[in-house]
Amino acid sequence: MTDEPDDRAADPPHDPFAALRNPNFRWYWIGNFLALLGMQMQFAAVLWEINSRTKSAYALGLVGLVQVIPIVALALIAGHVADRFNRKHIVMLSGLIIALAAAGLAGVRLIADERWAIIAMFVLLFITGLARAFQQPAKSSLMPLLVSRENFTNAVTWSAMAFQLASVAGPALGGLLIARLGSTEPIYLLHAALAFSMCGMLAAVHYRRAETAPQPMSLENLLVGVNFMRRNRVILAAITMDLFAVLLGGAVSLLPMYADQILKVDAYGYGLLRAAPAIGALAMSLVMAKLPPMQHAGRNLLIAVTGFGIATIAFGFSRSFPFSLAMLFLTGAFDNISVVVRHSLVQLLAPDAMRGRISAVNGVFISISNEIGDFEAGMVAGLISPVFSVVSGGIGTLVVVAMSAWKFPELRRYGRLDAAAEETIQTSHTEAEGIEPAADRSGRGDAPPQG
């Protein structure tokens, strides 16, 4: 036998904590976690309060809709702002507005007229959506500047873990506080404090901004992110499949009705239902942080979204509280794979001069799938039943996976997740200048299919 070089032996050992060893990313991670914790607590409290005040599935659906409207309407402008101005300052200012809106929700109890109190809640949620519209692309495009390219996928995994950890603790703490105190006001005030604390954490973050020429506010510049997504079929496939899968299969907004009418549990039980998907996602984040980058990212993504749809169907039919918790756990675990794959692809393939606009387009897909998905679920539940809404959404998710696998063979064949970094280095200059890369002109998508 002859000795042959082993490429795998040349790879450095995988460090699960590589991103967190960077102090700038560590401050960002802590501040982001605190803000997310407060947001998750508030979302659970708002759904519970709206359900208590109205007993209406339509009203529950509107909670998501009023927040997603400004995110979708202002996405292109917000992305351009993130590419033109200091991203850290945008995130901090948006966080301050979110904190003030949360404090306003605590004051809604002072409004005696029930109808005007509900209107005031929706107005404040709309203001929160306005702030999030500018915060999301700035925050997403800021993170790649804090870590090296080789550690970015690890940073995405840790960021997803922060979101899931907040989603575990937030609803559970929210449900516990509602059950113990019988009021949602302390939750809103706590969210305000946590959102404000994020601003202090970000003040400690330092990074070198890339020198770029000012981009005028033109239609061509606003559409840069859209055109980039359209040319990269692997990214287009990943975000499109995630969009329709979560839009159809999301059942989060109906959990108050499932807790109250179907599973017959109290506020703390509702908090556990809200936390179950995040516990599953957190567990999957820990596994993914420990393991090296995926070898077959496209295939794993298709399998994960299939599992998400099956678990959603099982939850829809369930009348057992423990089994429902288990199925929600699985939806979160499967969804986390999609989050890490999609966000890694989008950010690693995006030139920094365009990251804000590309992140804004990606944020529209995320918001449509989450908030409008909640609205769709509430409308179907109101017209027919909550069970029909959840089960039909899970079936729709499986149809979306099958169509995506057929329509986008590039996604099925995509291999190593961190291979996107090499492609980014090669294409960043041509993309930033508006030149279509050779790989796109030849019809092969953003990168040669792997493994």
Side-chain angles (χ1 to χ4, degrees), residues 36-61 63-64 105 121 163-188 190-191 246 249-284 308 310-336 370 373-374 377-378 380-382 385-391 393-394:
L36 290 171
L37 177 66
M39 182 66 74
Q40 290 298 314
M41 293 179 65
Q42 175 173 291
F43 187 61
V46 166
L47 288 176
W48 184 264
E49 183 171 354
I50 290 293
N51 185 63
S52 299
R53 287 176 177 269
T54 67
K55 300 295 183 182
S56 168
Y58 299 106
L60 291 175
V63 170
L105 285 171
M121 290 187 68
F163 175 80
Q164 305 305 344
L165 184 60
S167 299
V168 170
L173 288 173
L176 179 62
L177 287 174
I178 293 172
R180 293 291 179 87
L181 303 177
S183 173
T184 56
E185 285 88 347
I187 297 175
Y188 301 142
L190 181 57
H191 176 213
V246 178
V252 173
S253 67
L254 299 179
L255 289 182
M257 299 188 74
Y258 261 81
D260 182 39
Q261 301 175 19
I262 297 175
L263 299 175
K264 309 296 184 182
V265 296
D266 58 12
Y268 187 67
Y270 161 68
L272 292 178
L273 289 172
R274 284 276 301 154
I279 295 174
L282 177 61
M284 183 59 69
F308 177 86
I310 294 172
T312 298
I313 295 171
F315 168 78
F317 282 124
S318 174
R319 296 297 182 273
S320 165
F321 181 64
F323 183 76
S324 296
L325 288 176
M327 291 303 99
L328 290 173
F329 175 94
L330 290 178
T331 63
F334 288 128
D335 184 58
N336 188 75
N370 290 329
D374 291 342
V380 175
S385 73
V387 173
F388 180 86
S389 177
V390 174
V391 172

Legend entry - Stepwise side chain to side chain contact (heavy atoms under 4.5 Å, CB included) test for Met41 and Leu177: CA-CA 10 Å; Met41 293 179 65; Leu177 287 174; 3.8 Å; yes
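- Between Gln42 and Ile187, the closest heavy-atom pair is N-CG2, 4.0 Å.
- By the side-chain contact (heavy atoms from CB on, under 4.5 Å) test, Ala59 pairs with Ile50, Thr54, Ser56, sequence neighbours left out.
- Each salt bridge (charged side-chain N to carboxylate O under 4.0 Å, His left out) pair with one or both residues in residues 166-175, not counting sequence neighbours, would appear here, but there are none.
- For Asp335, the side chain to side chain donor-acceptor pair (under 3.5 Å) criterion is met by no residue, not counting sequence neighbours.
- Residues satisfying the side chain to side chain donor-acceptor pair (under 3.5 Å) criterion with Ser52, sequence neighbours excluded, are absent altogether.
- Looking at Phe317 and Val390, their side chains never come closer than 4.5 Å, going by heavy atoms from C-beta outward.
- To the nearest 0.5 angstrom, Leu282 atom CG is 8.5 Å from Asn336 atom CG.
- At least one side-chain heavy atom of Val387 sits under 4.5 Å from a side-chain heavy atom of Tyr258.
- In this structure, the salt bridge (charged side-chain N to carboxylate O under 4.0 Å, His left out) partners of Arg53, at least two apart in sequence or on a different chain, are Glu49, Glu114.
- Taken to the nearest 0.5 Å, the CE atom of Met327 stands 12.0 Å off from the CD1 atom of Ile313.
- For Leu325, the side-chain contact (heavy atoms from CB on, under 4.5 Å) partners at least two apart in sequence or on another chain are Leu272, Leu273, Ala276, Phe321.
- Distance check: Leu173 CG to Ile178 CD1 gives 11.0 Å after rounding to the nearest 0.5 Å.
- Ile262 CD1 to Met257 CE: the interatomic distance, rounded to the nearest 0.5 Å, is 7.5 Å.
- Gln261 CD to Leu254 CG: the interatomic distance, rounded to the nearest 0.5 Å, is 10.0 Å.
- Phe334 meets the side-chain contact (heavy atoms from CB on, under 4.5 Å) test with Ala304, Phe308, Leu330; sequence neighbours excluded.
- For the residue pair Leu181 and Pro186, the shortest heavy atom distance occurs at CD1-CG, 3.8 Å.
- Within the structure, every pair that satisfies the side-chain hydrogen bond (donor to acceptor under 3.5 Å, both in side chains) test and touches residues 317-332, not counting sequence neighbours, is listed here: Ser318-Ser324.
- Under the rule for a side-chain contact (heavy atoms from CB on, under 4.5 Å), the partners of Tyr270 that lie at least two apart in sequence or sit in another chain are Ala44, Leu47, Trp48, Leu255, Pro256, Ala259, Arg274.
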